[in-house]
Amino acid sequence: QLQLVESGGGLVQPGGSLRLSCAASGFTLDYYAIGWFRQAPGKEREGVSCISSSGGSTMYAESVKGRFTISRDNAKNTVYLTMNSLKPEDTGVYYCAAERTTGWGSLFVGAYDYWGQGTQVTVSS
């Protein structure tokens with residue numbers, strides 16, 4: 001089976017940090033761009049960050065620029081999202097997704113072929 005599995009979510013206080021991981025099984029991520037998305041209750045899924053298959057290009061939503069960093073280690077078949085200075089509005093279910101149509105990555109939900117199950121991130125005092 002081709003799977004993406006997110007991990008690293010949890011409860012954190014405002015100003016804290018978390019690092020999310022997206023691990024692939026059943027296939028290699030070498031030729032895939034990876035995107036991170038999040039969805040808060042009652043709201044539509046939004047793009048957070050993405051990274052090209054080579055790792056040479058990244059993109060961030062304006063709301064997380066300067067606070068979040070996306071990175072990948074193809075040798076480990078894993079992509080990471082490091083989140084610093086977390087705010088309550090960062091709360092939501094975070095998903096990773098993979099696409100190989102272009103390999104460039106996008107913050108558009110419809111661009112991706114495979115999705116993980118999501119991991120909950122809650123930022124609260």
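- In the displayed structure, W104 atom CH2 is contacted under 6.0 Å by at most 12 heavy atoms of other residues, nucleotides or ligands.
- When all heavy atoms of V48 and V64 are compared, the closest pair comes out as O-CG2, 3.6 Å.
- With rounding to the nearest 0.5 angstrom, the CD1 atom of I51 is 11.5 Å from the CE atom of M59.
- Between L86 and M83 the shortest heavy-atom distance is CD2-CB, 3.8 Å.
- With ring centers used as reference points, W36 lies 6.0 Å or more from F68.
- For the pair Q117 (side chain) and V5 (backbone), a donor-acceptor distance under 3.5 Å is absent.
- The two residues A24 and L4 have their closest heavy-atom pair at CB-CD2, 3.9 Å.
- A distance of 7.0 Å separates CG in L107 from OG in S49, rounded to the nearest 0.5 Å.
- Pairs passing the disulfide (SG to SG under 2.5 Å) check and including a residue from residues 17-89, sequence neighbours excluded, read C22-C96.
- Here CG of D30 is found 4.5 Å from CG of N74. Values are rounded to the nearest 0.5 Å.
- With rounding to the nearest 0.5 Å, the separation of OG in S25 from CG in L2 is 7.5 Å.
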Next item on the list: Determine, stepwise, if the pair Y80 / S21 fulfils side chain to side chain contact (heavy atoms under 4.5 Å, CB included).
Entry: CA-CA 5 Å; Y80 305 96; S21 297; 3.4 Å; yes
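- Remark: L81 CG to L18 CG distance equals 9.5 Å, nearest 0.5 Å.
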Checklist line | Verdict with reasoning, T58 to T69, per side chain to side chain contact (heavy atoms under 4.5 Å, CB included) | finding: CA-CA 9 Å; T58 59; T69 302; over 6 Å; no
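- For the residue pair R100 and Y31, the shortest heavy atom distance occurs at CB-O, 3.5 Å.
- Taking the six-membered ring where tryptophan is involved, the planes of Y114 and F27 are tilted, since the angle between them lies from 30° to 60°.
- Relative to the ring axis of F37, R45 does not place its NZ or CZ within 45° and under 6.0 Å from the centre.
- Pairs engaging residues 88-98 under the side chain to side chain donor-acceptor pair (under 3.5 Å) rule: R38-D90, R38-Y94, R67-D90 [sequence neighbours left out].
- Paired with E6 under the rule side chain to side chain contact (heavy atoms under 4.5 Å, CB included), one option of L20, V93, T119 passes, and it is T119.
- Heavy-atom minimum distance, S17 versus N84: OG-OD1, 2.9 Å.
- A 4.5 Å side-chain heavy-atom check between V121 and V123 finds at least one atom pair inside the cut-off.
- To the nearest 0.5 Å, atom CG of residue N77 and atom CZ of residue R72 are 8.5 Å apart.
- Although no hydrogens or angles enter the test, the distance criterion places no donor-acceptor pair under 3.5 Å between the side chain of Y112 and the main chain of A33.
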